[in-house]
There are 2 protein chains.
Amino acid sequence: MPPEKNQTQGEGYLAVRTVIELTRTMDLLEDLLARHFAHFNLSQPKFNALMELYYAGEEGLPLSELGQRMLVSRANITGLVDRLERDGLVVRVVDPKDRRVIRAQITPRAVQLIHGVLPLHMDLLKRATSSLNIEEKETLIRLLVKLQQGLDKL
Amino acid sequence: MPPEKNQTQGEGYLAVRTVIELTRTMDLLEDLLARHFAHFNLSQPKFNALMELYYAGEEGLPLSELGQRMLVSRANITGLVDRLERDGLVVRVVDPKDRRVIRAQITPRAVQLIHGVLPLHMDLLKRATSSLNIEEKETLIRLLVKLQQGLDKL
DNA sequence: TTTAATATATTTACAATTAAAGTACAGAAT
DNA sequence: ATTCTGTACTTTAATTGTAAATATATTAAA
């Protein structure tokens, strides 16, 4: 086999390996987080939505705003808020100033839930990344951000 | 604020940042791949399944085997193979030796499709990771594998 | 002011995934 | 030969996501 061919294959190999290892890592991570959230009848999307509403405060957020912050389509926000409302973690309130707008607000019960879950969640993330030392985490973050910048352009 | 508290927060910060950047990177990557596959009426799961069957050869694979290789539950393999069969890319064949077993086999049309898609797919992966040089890709892969090893233990 | 364009949310249809329950078949033990 | 156990696949219900069509409310333009 000619060496140029080898180089080309090597280049492709690293590209494929990069994507494969990224995928494997996220699969493991998502699995871990899903198992963690399941203990509280939560999921990653539910948790993310609750965190947004938690930091948004009393007035909550319009569904459209919540959707944009979560990078999720409007159609799905409807369903997600449906489920959170069914669980008693969120209420829908019509905005009096613009009756097209429906705001999602967090309930006291959800605030209590978040206060219970958040410390455990932080612990889990620390444990999940504990196989890397501080320098390695910083390097990983730097490389991921650089990779993202390349991906953004495509 | 006492310095120990600061350190603890910094530690948590790096853990959270690591997870966030991993998530963002995969989001961008999945989006890119989804758009690419959509040109061929494919998706990442469909493509993965076809690749497994492509390398499995004439006899194809039992659905259970295909499911294990794709790390997907058996229930979903049924649906995924349904869709691939509907697209004319796969056929189901009952194994004569064990009639519990159904093998999925790739069709000539799918082989043709793969031959068309594969070079473009490789190009895309190379472009997707082109913002990192060879050394950076190797470092990223090494750190991801190390992170996976830690995640496996949880 | 009526009309046109825009924004918000929902509905519907589909893809992908999991979990749990059910069905069919194979192999082993009695 | 029958029964038990395990394996393979399917079915159903639920969650999460996208896209397209629709209803309603607002805003801008004619």
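Chain naming here is simple, since letters A, B, ... match the order of the sequence lines and numbering starts at 1 in each.
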For [X] and [N], give me the distance from atom [atom1] to atom [atom2], rounded to whole Å.
X: Asp82(A); N: dT16(D); atom1: CG; atom2: P; answer: 11 Å
X: Asp95(B); N: dC9(D); atom1: CG; atom2: C1'; answer: 13 Å
X: Asp31(B); N: dA19(D); atom1: CG; atom2: C1'; answer: 14 Å
X: Phe37(A); N: dT15(D); atom1: CZ; atom2: C1'; answer: 15 Å

Enumerate the residues from residues 85-94 of chain B whose closest heavy atom to DNA chain D is under 4.0 Å, giving them by residue number; use none for an empty result.
Arg92(B)
Can you list, in residue-number order, the parts of residues 59-81 of chain B that come under 4.0 Å of DNA chain D, counting heavy atoms only?
Leu63(B), Ser64(B), Arg74(B), Ala75(B), Thr78(B)
Would you say the rings of His115(A) and Tyr54(A) are close, in the sense that their centroids are separated by under 6.0 Å?
yes
Aromatic ring centroids of His121(B) and Phe40(B) under 6.0 Å?
no
Would you say [X]'s side chain and [Y]'s backbone share a donor-acceptor pair under 3.5 angstrom?
X: Gln148(B); Y: Leu28(A); value: no
X: Glu136(B); Y: Leu143(A); value: no
X: Ser131(A); Y: Gln149(B); value: no
X: Arg35(A); Y: Glu30(A); value: no

Should Asp95(A) and Arg100(A) be marked as a salt bridge (Lys or Arg N to Asp or Glu O under 4.0 Å) after you check the CA-CA gap, both sets of side-chain angles, and the distance that decides it?
CA-CA 8 Å; Asp95(A) 189 325; Arg100(A) 292 172 305 180; over 6 Å; no
Apply salt bridge (Lys or Arg N to Asp or Glu O under 4.0 Å) to Arg24(B) and Asp152(A), showing your working.
CA-CA 11 Å; Arg24(B) 279 195 190 141; Asp152(A) 264 330; over 6 Å; no
Evaluation steps, side chain to side chain donor-acceptor pair (under 3.5 Å), between Gln44(B) and Asn48(B):
CA-CA 6 Å; Gln44(B) 183 78 61; Asn48(B) 289 347; 3.0 Å; yes
DNA chain D: Gln44(A) or Arg99(A), which has the more 5' nearest nucleotide?
Gln44(A)
Quick one, Leu147(B) and Leu29(A) - any side-chain contact, counting heavy atoms below 4.5 Å?
no
Could you check Glu138(B) against Arg142(B) for salt bridge (Lys or Arg N to Asp or Glu O under 4.0 Å), going step by step and ending with a plain yes or no?
CA-CA 6 Å; Glu138(B) 284 169 346; Arg142(B) 183 176 60 76; over 6 Å; no
Chain B on DNA chain C: first and last contacting nucleotide, 5' to 3', under 4.0 Å to a heavy atom?
dA15(C) to dA26(C)
